[in-house]
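Read through the structure below, which is laid out as structure tokens, and then see the notes.
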Amino acid sequence: MTAPTPIVLLHAFPLDHRMWDEVAAGLARTHHVLAPDLPVALGEPLPEPALEHAADAVAAAIRAAGSGPAVVVGLSMGGYVALALLERHPELVAALALVDTKSTADTPEAAAKRRQVADAVQEAGSVDPVRAMPDVLLGETTRSARPDVVERVTAWIAEQDPARVSWAQRAMAARPDRTDVLRAFDGPVTVVVGDEDSVTGTDAAEHMVAAVEQALLVVVPRVGHLSAVEDADAVRSALADLAQRVHDPVA
């Protein structure tokens with residue numbers, strides 16, 4: 001019997017591995033799940049701000065766990081790291097899930113805004129400049145009907161290390177377009193997007209699907225940019241299906 005493919009879950013900005021807790025709990029019944037903190041484990045010194053360093057740390061974690069090629073899942077910033085991992089360590093990627101993310105680089109204006117936020121966080125020595133991000137990250141339905149989710153995400157952001165928040169903004173601002181990296185990948189791909197995602201949205205999702213011949217698009221209704229938090233069951237199901245496609249490509 002073939003062993004289940006391990007699953008690696010890469011989190012969004014400005015959060016940590018906890019955003020995957022509900023998804024991971026379901027997947028862990030049948031798969032070995034890794035959910036590392038980015039860019040490196042807590043307590044380790046931060047490298048220079050480049051997503052490539054985060055990708056290398058993820059690769060080291062996969063190897064340290066004794067895991068073979070994995071289903072690599074990235075949401076938002078995690079998707080950027082997943083694509084960097086695919087570029088630098090393709091032998092570790094059996095399948096790819098890109099969740100509420102994009103393969104293209106920031107526009108010059110978006111990159112400049114990221115650097116401004118990084119400067120503000122660094123100067124303030126606090127996460128105050130990103131504390132209101134749940135208003136953008138969560139879908140309208142979640143914000144209006146699920147105050148518990150809003151409170152949870154707000155609390156996670158408040159608990160982040162300002163140095164890591166600043167690092168992430170600078171690293172994301174510097175990332176290249178990796179659509180060609182995705183296009184060259186011949187493993188199974190699933191693209192997931194919330195239909196209320198106002199950050200990356202369906203246009204970015206469809207751009208990635210168009211780059212891969214057999215990519216599947218999963219649109220999750222009534223959720224925003226944090227689909228894995230807002231509807232963990234739907235995202236978990238999409239990831240379980242993707243893992244199955246590793247062993248049964250026609251599934």
Side-chain angles (χ1 to χ4, degrees), residues 1-13 15-21 23-99 101 103 161 163-164 167-168 170-172 174-176 178 180-192 212 228 235-236 238-249:
M1 182 176 179
T2 304
T5 305
I7 299 177
V8 178
L9 305 173
L10 305 177
H11 65 79
F13 169 88
L15 303 173
D16 56 45
H17 73 277
R18 291 174 294 177
M19 61 150 284
W20 288 111
D21 282 353
V23 171
L27 294 173
R29 299 188 187 105
T30 51
H31 293 79
H32 177 50
V33 177
L34 295 175
D37 285 315
L38 302 173
V40 292
L42 294 176
E44 292 187 12
L46 292 174
E48 290 299 311
L51 296 176
E52 292 81 1
H53 292 310
D56 291 346
V58 172
I62 295 172
R63 293 188 174 105
S67 301
V71 175
V72 178
V73 182
L75 193 152
S76 194
M77 179 180 71
Y80 309 153
V81 175
L83 288 169
L85 178 72
L86 176 61
E87 181 178 57
R88 296 169 70 83
H89 306 276
E91 72 283 0
L92 295 178
V93 183
L96 190 63
L98 297 167
V99 186
T101 191
S103 59
D161 176 0
R164 296 170 80 91
W167 184 99
R170 297 188 196 283
M172 288 189 287
R175 77 185 190 282
R178 286 194 166 95
D180 285 345
V181 175
L182 177 60
R183 185 175 289 116
F185 182 54
D186 61 2
V189 175
T190 294
V191 176
V192 180
V212 182
V235 174
R236 179 205 53 77
L239 300 183
D241 289 346
L242 175 61
Q244 181 62 33
R245 286 164 61 203
V246 174
H247 300 295
D248 182 7

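If you're wondering where the values come from, they're calculated on a predicted model, not measured in any experiment.
- Taking CG of L182 as the start and CD of E87 as the end, the distance is 11.5 Å to the nearest 0.5 Å.
- Contact record, A228 with W20: CB-CZ3, 3.5 Å, taken as the closest heavy-atom pair.
- Minimum interatomic distance between F185 and V93 (heavy atoms only, all atoms of both residues): CE1-O, 3.7 Å.
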### Message
Does V71 form a side chain to side chain contact (heavy atoms under 4.5 Å, CB included) with L239? I'd like the steps, not just the answer.
### Response
CA-CA 8 Å; V71 175; L239 300 183; 5.6 Å; no
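- A donor-acceptor contact shorter than 3.5 Å is absent between the side chain of R63 and the backbone of A60.
- Nearest heavy-atom pair, T101 versus S76, reported as atom, atom and distance to 0.1 Å: OG1-O, 2.8 Å.
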Considering only distance and modelled atom types, tabulate donor-acceptor pairs under 3.5 Å from the side chains of residues 25-39, sequence neighbours left out.
| from | atom 1 | to | atom 2 | distance (Å) |
| --- | --- | --- | --- | --- |
| T30 | OG1 | L27 | O | 3.4 |
| D37 | OD1 | H17 | N | 2.9 |
| D37 | OD1 | H17 | ND1 | 2.9 |
| D37 | OD2 | H17 | ND1 | 3.2 |

Less than 3.5 Å apart, which donor and acceptor atoms pair up between the side chains of residues 44-52 and the rest of the protein, not counting sequence neighbours?
| from | atom 1 | to | atom 2 | distance (Å) |
| --- | --- | --- | --- | --- |
| E52 | OE2 | R178 | NH2 | 2.7 |

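- Expressed to the nearest 0.5 Å, how far CG of L75 lies from CG of L9 amounts to 10.0 Å.
- Distance NE2/H11 to CE/M19: 8.5 Å, rounded to 0.5 Å.
- Using a 4.0 Å cut-off between charged nitrogen and carboxylate oxygen, D180 and R183 count as a salt-bridge pair.
- Residue A59 comes nearest to L85 through the heavy atom pair CB-CD1, 3.8 Å, listed as atom of the first residue, atom of the second, then distance.
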### Task
May I have the step-by-step check of side chain to side chain contact (heavy atoms under 4.5 Å, CB included) for L96 and L83, ending in yes or no?
CA-CA 9 Å; L96 190 63; L83 288 169; 4.0 Å; yes
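- Between the R245 side chain and the V189 main chain, a donor and an acceptor come within less than 3.5 Å of each other.
- Closest approach of W167 to A54, counting heavy atoms only: CH2-CB, 4.2 Å.
- Residues A168 and M77 come closest through the heavy atom pair CB-SD, 3.6 Å.
- Of the inter-residue distances, the one linking Q244 atom CD with T5 atom OG1 reads 9.0 Å to the nearest 0.5 angstrom.
- Between the CG atom in D56 and the NE2 atom in H53 there is a gap of 7.5 Å [rounded to 0.5 Å].
- For D161, the salt bridge (Lys or Arg N to Asp or Glu O under 4.0 Å) criterion is met by no residue, not counting sequence neighbours.
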